[in-house]
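Step one of this worksheet: look at the structure below.
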Amino acid sequence: MFLLVWLAVALSLSSTIVAGGDCPGAHRNMTMEAACREATATAGEPMYQVCMHALGDDYRAGAVKEAYLFAYGAAWRAVESYGTTEGWAQYVLGNGSLTGDEKAAYGCVAGGSYREAEAAMGKVTHRVGLDCGLDLSDEYRTALRDAEACRDRLAKLPPSPLLTMVEKDYNSTLLAYLLGKLLGIK
Ligand SMILES: *[C@@H]1O[C@H](CO)[C@@H](O)[C@H](O)[C@H]1NC(C)=O
Ligand SMILES: *[C@@H]1O[C@H](CO)[C@@H](O)[C@H](O)[C@H]1NC(C)=O
Ligand SMILES: *[C@@H]1O[C@H](CO)[C@@H](O)[C@H](O)[C@H]1NC(C)=O
């Protein structure tokens with residue numbers, strides 16, 4: 001709920017203040033292809049595809065935007081997706097049939113680590129939307145570490161839809177971080 005409030009605040013303020021103003025790379029105008037190419041240069045072709053797929057949901061091919069909008073959108077999408085994944089884990093847990101390691105792994109997503117990741121990336125979304133925030137690398141890393149922790153626990157269990165969702169969230173978080181680096185975030 002309050003994530004939507006953040007979005008509303010970010011959108012309403014963006015017309016009155018210089019959004020992304022603190023970051024040196026925030027206002028570079030780039031095509032989404034160039035943003036993906038540059039952001040994923042060291043991460044490899046599969047990550048480029050992840051990037052094109054993610055940004056392609058929001059933009060047309062060849063769309064030119066200021067770089068901070070790509071970083072903002074990617075962070076926002078990650079937070080949104082955590083919520084969906086968390087809801088699914090809670091739903092399955094609520095069924096009451098999970099025990100032991102399985103219950104613990106779902107709990108990682110349903111509350112524990114995911115809650116922390118959501119708070120960290122929520123802060124990223126807020127800051128990138130409003131003033132950039134060159135000091136956000138700890139938040140990106142926290143979210144990555146949390147998604148990774150849950151992914152590793154789920155990966156030890158038989159394959160599940162939740163594992164795929166968490167792998168996707170991990171990718172989304174990494175992509176958000178890589179696009180954040182375009183702005184100058186370390
Ligand atoms: C990018 O384009 C916007 C207008 O769409 C402009 O306000 C901004 O100054 C441009 N950024 C750079 C670095 O040229
Ligand atoms: C809930 O549990 C029942 C049996 O206990 C099972 O058949 C069903 O598939 C479960 N649903 C989910 C969403 O896990
Ligand atoms: C995550 O990204 C990797 C590339 O880094 C890709 O190979 C994999 O299919 C992605 N996983 C999901 C679930 O999207």
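Everything numeric in this text was worked out from a predicted model, so none of it was measured. Keep in mind that the numbers below use all heavy atoms, side chains included, and drop hydrogens, waters and symmetry copies. Just follow the structure's listing: the first ligand is 1, and inside any ligand the first atom is 1.
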Could you find the nearest protein heavy atom to atom 12 (C) of ligand 1 and give me its residue, atom name and distance?
His27 O, 3.3 Å
Under 4.0 Å from one or more heavy atoms of Val50, ligand 3 contributes atoms 2 (O)
Is there at least one protein heavy-atom neighbour under 4.0 Å from atom 5 (O) of ligand 1?
no
So CG of Leu183 and NE2 of His27: to nearest 0.5 Å the spacing works out to 9.5 Å
List ligand 3 atoms under 4.0 Å from Asn171, heavy atoms only on the residue side.
1 (C), 2 (O), 3 (C), 8 (C), 10 (C), 11 (N), 12 (C), 14 (O)
Atoms in ligand 3 flagged as close to Met47, the criterion being non-hydrogen separation under 4.0 Å:
5 (O)
Under the salt bridge (charged side-chain N to carboxylate O under 4.0 Å, His left out) rule, what do Arg127 and Asp131 come out as? Steps first, then yes or no, please.
CA-CA 6 Å; Arg127 293 281 310 282; Asp131 64 359; 3.1 Å; yes
If we count only non-hydrogen protein atoms and require a distance under 4.0 Å, does atom 10 (C) of ligand 1 qualify as touching the protein?
yes
Looking only at protein heavy atoms, identify the closest one to atom 7 (O) of ligand 1 and say how far it is in Å.
Glu66 OE2, 4.4 Å
Hey, are Arg151 and Glu148 close enough for a salt bridge, meaning a charged N less than 4.0 Å from a carboxylate O?
yes
Sort out for me which residue in Asp146, Thr85, Asp169 forms a side chain to side chain donor-acceptor pair (under 3.5 Å) with Tyr114.
Asp169
To the nearest 0.5 Å, how far apart are CG in Leu182 and OG1 in Thr40?
9.5 Å
Nearest 0.5 Å, what's the CG-NZ distance between Leu163 and Lys156?
12.0 Å
Which residue and heavy atom of the protein sit nearest atom 1 (C) of ligand 1, plus the separation:
Asn29 ND2, 1.6 Å
